[in-house]
**Student:** 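Got a structure here, written out as structure tokens. Questions coming.
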There are 2 protein chains.
Amino acid sequence: MYKPATIKDIALALKLSPSTVSRALRDGYEISTATKKVVMEYAKKVNYQSNPIALSLKNRRSYSIGIVVPKLANSFFSQAIAGIESIAYERGYHTIITQTHDSSERELINVNHLAQRSVDGLLISMSAGTSDYGFLKQLHNDGLPIVFFDRIIDEIETFKVTSDNFSGAYNATESLIKSGRKKIALLSNAPQLSITNERLSGYMKALADYHIPFRAELIRNCSKGGNDYQEVEDAVKDLLAATDKPDAIFISSDRISISCIRALKSLNFDPKEIAIAGFSNSDVVDLLHPSLSYVKQKSFEMGQIAVEMLLRLIESKYPITEFETKILDTELHLIK
Amino acid sequence: MYKPATIKDIALALKLSPSTVSRALRDGYEISTATKKVVMEYAKKVNYQSNPIALSLKNRRSYSIGIVVPKLANSFFSQAIAGIESIAYERGYHTIITQTHDSSERELINVNHLAQRSVDGLLISMSAGTSDYGFLKQLHNDGLPIVFFDRIIDEIETFKVTSDNFSGAYNATESLIKSGRKKIALLSNAPQLSITNERLSGYMKALADYHIPFRAELIRNCSKGGNDYQEVEDAVKDLLAATDKPDAIFISSDRISISCIRALKSLNFDPKEIAIAGFSNSDVVDLLHPSLSYVKQKSFEMGQIAVEMLLRLIESKYPITEFETKILDTELHLIK
DNA sequence: ATTGTAATCGGCAACGATTGCGTAGATTTT
DNA sequence: AAAATCTACGCAATCGTTGCCGATTACAAT
């Protein structure tokens, strides 16, 4: 059985009391230099390390923060996590990463697990399927610091950070228009997500600004958000089977962008015939074929900002009542 | 301050002792049905959930397992994690995921953090930079169950699962040979990794079997394992600048495969002039251009097998002394 | 010699949950 | 009616750590 040395062990071996050992290790002022030296040396010898579980129980602080994202395999999220970690580690916090695979049930389980494990705070990007935020509201009201990133919600008042999805979508759509396309379809993400609607608005505004009539039949919702390839292929096939078929597609999600490319490839479509632009943070998006123009979010920075917000909440001595929602701009990369 | 209901709270409210409440909640036989009913109902009302921290401290069991991988952004690992979770959740365990970014220091910190957090066991795929396994040996000797996957090491005797890297490399190299290539370069991964040498051996064996002389000048080590793009580009550039330049490249790592493709693209190389094949578990590898034949590992299955091994170790009543190293075969996907 | 005052350390309790043991009171047995 | 048995619950210890208070000692000030 795995059993590391404890303060008691040291106390017993050195014929001291646990409290003395504890204070000696933390360099307390009331302990003599000699005792400190003996304790420190013995502690090093037996490789003593304080038990974070016991500390968590006693202090109700764990110096760890919980991360809940839909999918690690999604580049955007793994980049955001890297950003979170870059700051968290620096500030002495550990991270506990969990993924929900866009399942509400899994999300509930993970969030509760993290809360019970007494993480000091929570960074969360909501799952597509979640519509009941009661469990989060509960935790938030009970005082658990929470920061939302990317897929944020209105129902809870706290710090949030997300991308300028409207402009991102606007710019991408505009670029398609400027390259001469007029019949621009939209592959949209799960409709309950905040980002989905913002991107839809950007798409519509761009059409309007360029006097292109909005055509509902060019919109396809992929409510499974690219987790289901078949859904996307069916949508693409359907779009391209129309008599007045689109000459471009704007895709409002990373995973759906990939699926759309795969669909176009498997349907053997001439890339010149149909232009595509979409959101993507894939680190190989520039190598894909058929190629697409893409809107890239500042994922790493978003992670950094989110965790900084969270640490402000956690380490603030007084309750914070003024919250901020930060919007990061996006980068449009056009195909050469 | 976030403060969930405790057993004491319930005891106080119901004028019972904590022990009675505890036993009532666990449906102990010595508690009257009436009391149980009262306790259960009140517990539900205040949304009581047992504190895992306290339980961990008392039982030295946490029903959580630690996962340590080099990089979440690497598809292979995020797929393996999905496999791990699929089994772990089913069996009532939580997972705590950490990544090292191939840094030994980070690996040490993460492993210790997990051990101290009293995870019941550890699933680890080693970082490229690690050469001192002392800290793992220590934990293992102290009785912490550990299972290695993918990037395994010989120095510790326990369950392990990895891919048949030799055959994977052999088959890929063979496919290049059969397509008429004779001057096959090798972009190799960090040399201290187990998988690197196995793949090198497979490459060499294929050359030998087809009577192609081994040429050391066609081997390039990317010791940073594709974490550094420039290293790969330099290697590719160097290879292709030679007078007797290769007509094919076999790449022994996922990340390096991607970097190599990018290098070839940025150097404007004709895909027909130089064929490439490499290990990759990217979920978009079939959409890349220039395209490559690829060796895909059974990542999801590997995760499942690893966690099953770990649970055997954790839940075994008697110490296990007979260990197994499972080798999964790989899938070769040729470009059409 | 007495009091004051640091310096140095130990004891107790608590964080939340579990559990062996003890026991008051009710019920049954003799 | 006395003794034995049961029922249903409480007490206290435990896990590792630390905060608070108290105790001991030495040494200086009075």
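No hydrogens, no waters, no symmetry mates; every other heavy atom, side chains included, goes into these values.
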**Student:** Return the value, rounded to whole Å, for the distance between atom CZ of R60(B) and atom P of dT14(D).
**Tutor:** 13 Å
**Student:** Mind checking L16(A) for me? I need base, sugar-phosphate or nothing, with any heavy atom below 4.0 Å counting as a touch.
**Tutor:** sugar-phosphate
**Student:** Reckon R26(B) has a side-chain N or O less than 4.0 Å from the OP1 or OP2 of dA17(C)?
**Tutor:** no
**Student:** Does R61(B) count as lying over the ring of Y63(B), i.e. NZ or CZ under 6.0 Å from the six-ring centre, within 45 degrees of the axis?
**Tutor:** yes
**Student:** Write down the distance between CG (D27(B)) and P (dA8(D)), rounded to a whole number of angstrom.
**Tutor:** 13 Å
**Student:** Look at the side chain of I31(A) and decide which nucleotide, out of dC9(C), dC11(D), dG16(C), has an atom nearest to it.
**Tutor:** dC9(C)
**Student:** Please check if any side-chain donor atom of S32(A) sits under 3.5 Å from a side-chain acceptor atom of T35(A), or the reverse.
**Tutor:** yes
**Student:** Whole angstrom is fine here: how far is it from CD1 in I53(B) over to P in dT18(D)?
**Tutor:** 15 Å
**Student:** Could you check whether S50(B) gets within reach of a base, just the sugar-phosphate, or nothing at all, counting any heavy atom under 4.0 Å?
**Tutor:** sugar-phosphate
**Student:** Any donor-acceptor pair under 3.5 Å linking the side-chain atoms of S299(A) with those of Q79(A)?
**Tutor:** yes
**Student:** Indicate, with a heavy-atom threshold strictly under 4.0 Å, whether Y48(A) touches base, sugar-phosphate, or nothing.
**Tutor:** sugar-phosphate
**Student:** Is there a side-chain contact between K36(B) and the phosphate of dA8(D), meaning an N or O under 4.0 Å from OP1 or OP2?
**Tutor:** no
**Student:** Is any side-chain N or O of S17(A) closer than 4.0 Å to OP1 or OP2 of dG10(C)?
**Tutor:** yes
**Student:** Check this for me: does the side-chain of S22(B) come within 3.5 Å of the base of dG16(C) through a donor and an acceptor?
**Tutor:** no
**Student:** Please work out if S32(B) contacts a base, only the sugar-phosphate, or nothing of the nucleic acid, heavy-atom cut-off 4.0 Å.
**Tutor:** sugar-phosphate
**Student:** Please classify the nucleic acid contact of T35(A) as base, sugar-phosphate, or nothing, using heavy-atom distances under 4.0 Å.
**Tutor:** sugar-phosphate
**Student:** Tell me, with the steps shown, if E324(A) and K160(A) meet salt bridge (charged side-chain N to carboxylate O under 4.0 Å, His left out).
**Tutor:** CA-CA 7 Å; E324(A) 185 191 355; K160(A) 297 162 195 169; over 6 Å; no
**Student:** Does K58(B) make a side-chain N or O approach to OP1 or OP2 of dC15(C) shorter than 4.0 Å?
**Tutor:** no
**Student:** Determine whether the side chains of S104(B) and S127(B) contain a donor N or O and an acceptor N or O closer than 3.5 Å.
**Tutor:** no
**Student:** Could you check whether R23(A) gets within reach of a base, just the sugar-phosphate, or nothing at all, counting any heavy atom under 4.0 Å?
**Tutor:** base
**Student:** Measure from CG on N51(B) to P on dC15(C) and round the result to the nearest Å.
**Tutor:** 12 Å
